[in-house]
Each structure stands twice: as structure tokens, then as C-alpha cells.
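Before any comments, here is the structure.
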Amino acid sequence: MSWRYRANATLEGLTGYTLTRKLGKQPPKPPPPPKVPLELQRLPDDAVRPPIDPAHDRLLREPVFLLSSVRSGSTLLRVMLNSHSQIHSPIETHFRRVSVGLGTDPVRQAMGLLGHTHSDIEHLVWDRLLHRELIRSGKPIMAEKTPSNVFAWRRLATCWPDARFIFLLRHPMSIVQSWHEADPVKRPMTEAVPRTLAYMTYLEEARTHLEGLTLRYEELVADPEAQLRRLCLFLGVEFEPVMLEYGKKDHGGFVKGIGDWRDKIRTGTVVAGRPLPSPEQIPTELHEICRTWDYLQ
């Protein structure tokens, strides 16, 4: 018989109490994960697919998407396009970030019974948004150029099967340097390389799988008329000299977050590009994309 048992037996006989070991403090149970509101939940079995009824599901016909990395000269090309009498190229709309919330069970049930996936509904909204912007411009061709569209190239091509694509390339190291210089404190070079390389990687993926026209920033600023004539031929419109003098037109504000905002684009004329970096200045991480784009042997 252990001493603890004898002591408890004696204590219980005298006082009616026994000694017990206090258990360690139990950690509180974690709270249940917060419930995701219905309006933030995707419909089950969501599928990204082409329009079910192309003749009626899309108002926008043959939209043009300018796919590029950030800091590739896409704002310059946008305002050149927007200077054309037949082409409307607005500020970066970021339309693909526009999502649809279905906040009640009845509306979710109704959409399912009507045969709509969540993506179908979003595509209808995207199409209506861009079509309205085009109609307001009074022009027949929409050219949209939000750089982050490269990450959703498959969805754009699925939403608008008749879409046309322009691929704008620039020397990868020039892209990195430009992105870093736009905010050197918040964008150190160690971050600039992987961040911009992600854009370039998806751009090349799109260029590999989609048909379209490839332009180079360096060639665009060196001989803008020749490159714009190529582009106009691709789009089926006549070249207009006013495209070279974009400063004579109103293109919306040059505001950070929806396009280039720095002094060069504000000049209203084409400015020569920076000297190309030497091979020694190119970090190893960029060698493959530089070779793929013929900037490095």
C-alpha cells in the first residue's frame, strides 16, 4: 500500500476530503473556422467554358487583348492605339477582378437550374462592362491592356473565342530595372526579378498557345511607324499618322495602378528606350526567358 493511499485514507477518515493532483491547464479549444458567406462562395461544379449561345451571350465582338509584362511599354502602345479613329483602348480596367456574389440559396439554386456556372455569369458581366465602354467611345474595336491579364489568358480566350491577341515583349532585364526604379524602396532588386519573371513566364505561355501578333518594345520606340503599320494590318484598319502623336488626344489620366504614370509617358511623344543591358548584367534567373525571346544567345 503506497504512502499516498494511506495518507488519503487517513485524511478522508478525519475530514471527508482526499488529495488529488491538479491537472495542468488545458489549452482552450480553437474556435471553429469562420463560415464563408454565401456571396463569397463559388457555385459547386463551377466550370470555365465558352459561351453557350455565342450569338446572344456576347455583345463584344473580336476584342483585342494586349498581353505583356508590367513595365513593357504597354501604356505607350495603348495610347497609340487609342489615338486611332477606329480603336478604343481605355485605361487598365482590371475587369477580370470583377466577380459575382450569389448571396442567397434561392438565387444559387436558380442559376444552377438555368444552366449557368459561376464563371458563365462573370463572363456576361465582363462582356457587358467592356461593351458599354466601347459603345461610349463611339469606336468599333476594343483593345484592353491590363498586364495582369497574362495570368488569365486561358480564361480570356475561353470567354471570347473570337478574341485577337497582341504580345508585347521587352528585354527581361529592362523590365526588371524599370519595375525596381518605379519604387526602389518597396521594390528591391531581389524582389523585382521573381515578380516580373512571373509575368514574363505566363506571357510566353500565352504566346505559345494562342495565335496573335508579337511586337517588341525596342522596335516600337526605334521605328514606331513601321511597327504600328504591322499592327494596323493585323487589326484590319488603315494606319493613321496621328497614332505617332498621341499627346494630341485625351487618353484618360496617367495614374499609378491603372497604367504608366511617369514623366516619359506624359511627354506625348515616343521617347527612345534605355540602352540594352550587357549579358554580364543579366541574372541567371533571366537567362532562359532572354534566350527564348532572342535577347541572349
Side-chain angles (χ1 to χ4, degrees), residues 50-51 54-55 58-69 72-93 95-96 126-150 152-170 203-204 206-252 259-260 265 268-270 293:
R58 297 293 178 267
L59 299 174
L60 194 62
R61 303 299 179 185
E62 296 187 317
V64 178
F65 294 103
L66 170 56
L67 299 184
S68 73
S69 169
S72 292
S74 61
T75 298
L76 173 62
L77 185 52
R78 173 185 86 79
V79 293
M80 287 175 161
L81 287 168
N82 195 52
S83 298
H84 196 284
S85 62
Q86 302 296 302
I87 303 171
H88 179 52
S89 191
I91 59 172
E92 296 171 9
T93 65
F95 70 89
R96 77 177 185 89
W126 295 355
D127 180 74
R128 181 67 179 88
L129 188 155
L130 293 186
H131 181 260
R132 181 177 184 273
E133 176 63 25
L134 180 62
I135 294 301
R136 291 172 66 188
S137 75
K139 298 181 180 182
I141 300 173
M142 165 62 76
E144 212 282 348
K145 78 94 181 173
T146 307
S148 62
N149 282 344
V150 295
W153 65 264
R154 286 187 177 86
R155 191 159 180 191
L156 301 186
T158 303
C159 179
W160 291 281
D162 61 350
R164 293 174 287 178
F165 295 92
I166 302 167
F167 310 107
L168 180 61
L169 309 185
R170 188 183 186 185
L203 173 58
E204 179 56 24
R207 200 166 73 101
T208 301
H209 289 84
L210 300 174
E211 294 184 1
L213 177 70
T214 295
L215 298 177
R216 293 180 184 272
Y217 170 77
E218 295 83 5
E219 295 174 352
L220 179 65
V221 296
D223 191 352
E225 181 173 340
Q227 297 306 309
L228 290 175
R229 285 186 179 276
R230 287 183 61 221
L231 181 51
C232 287
L233 182 63
F234 172 71
L235 297 179
V237 297
E238 295 290 332
F239 168 74
E240 295 179 356
V242 71
M243 299 175 76
L244 301 172
E245 302 175 316
Y246 69 85
K248 295 182 177 181
K249 301 282 186 176
D250 179 15
H251 305 288
D260 195 358
I265 193 66
T269 57
V270 180
W293 289 356

Mind checking side-chain contact (heavy atoms from CB on, under 4.5 Å) for [X] and listing every partner two or more places apart, or none if nothing turns up?
X	answer
Pro224	Met80, Leu244, Val270
Pro161	Pro50, Pro51
Arg230	Leu213, Leu215, Gln227

Nearest 0.5 Å please: distance from the CZ atom of Phe167 over to the CD atom of Glu204.
->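 Phe167 CZ to Glu204 CD: 9.5 Å, rounded to 0.5 Å.
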
Can you measure from CG (Leu81) to CD1 (Ile141) and round to the nearest 0.5 angstrom?
->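 Answer rounded to 0.5 Å: 9.5 Å.
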
State whether the number of non-hydrogen atoms from other residues, nucleotides or ligands found under 6.0 Å of Glu225 atom CD is greater than 12.
->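 Correct, the count exceeds 12.
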
Look at the side chain of Glu240 and the backbone N and O of Ser85, then say whether any donor-acceptor pair between them is shorter than 3.5 Å.
->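 Flag set: sc Glu240 to bb Ser85 pair under 3.5 Å.
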
Say whether, by atom type as modelled, one donor and one acceptor occur between the side chain of Arg96 and the main chain of Leu156 under 3.5 angstrom.
->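 Not at all, since once roles are kept as given, no pair shorter than 3.5 Å links the two residues.
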
Looking only at heavy atoms, which two atoms of Pro63 and Asp162 are closest? And how far apart?
->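 Smallest heavy-atom distance, with atoms named: CD-OD1, 3.8 Å.
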
Can you see which heavy atom on Glu218 is nearest to which on Leu169, and at what distance?
->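 Closest pair (atom of Glu218, atom of Leu169, distance): OE1-O, 4.2 Å.
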
What class does the angle between the rings of Phe65 and Phe95 fall in, given that below 30° is parallel, 30 to 60° is tilted and above 60° is perpendicular?
->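 Rings of Phe65 and Phe95: tilted, as their planes differ by 30° to 60°.
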
For Arg61, what residues pass the salt bridge (charged side-chain N to carboxylate O under 4.0 Å, His left out) criterion, not counting sequence neighbours?
->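 Not a single residue meets the salt bridge (charged side-chain N to carboxylate O under 4.0 Å, His left out) criterion with Arg61.
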
Sequence neighbours excluded, every pair satisfying side chain to side chain donor-acceptor pair (under 3.5 Å) that has a member inside residues 129-140 |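 Checked against side chain to side chain donor-acceptor pair (under 3.5 Å) - neighbours excluded - the pairs reaching residues 129-140 are His88-Glu133.
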
With sequence neighbours excluded, what pairs up with Trp153 under the ring pair (Phe, Tyr, Trp, His ring centres under 6.0 Å) test?
->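 Ring pair (Phe, Tyr, Trp, His ring centres under 6.0 Å) check on Trp153 returns His209.
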
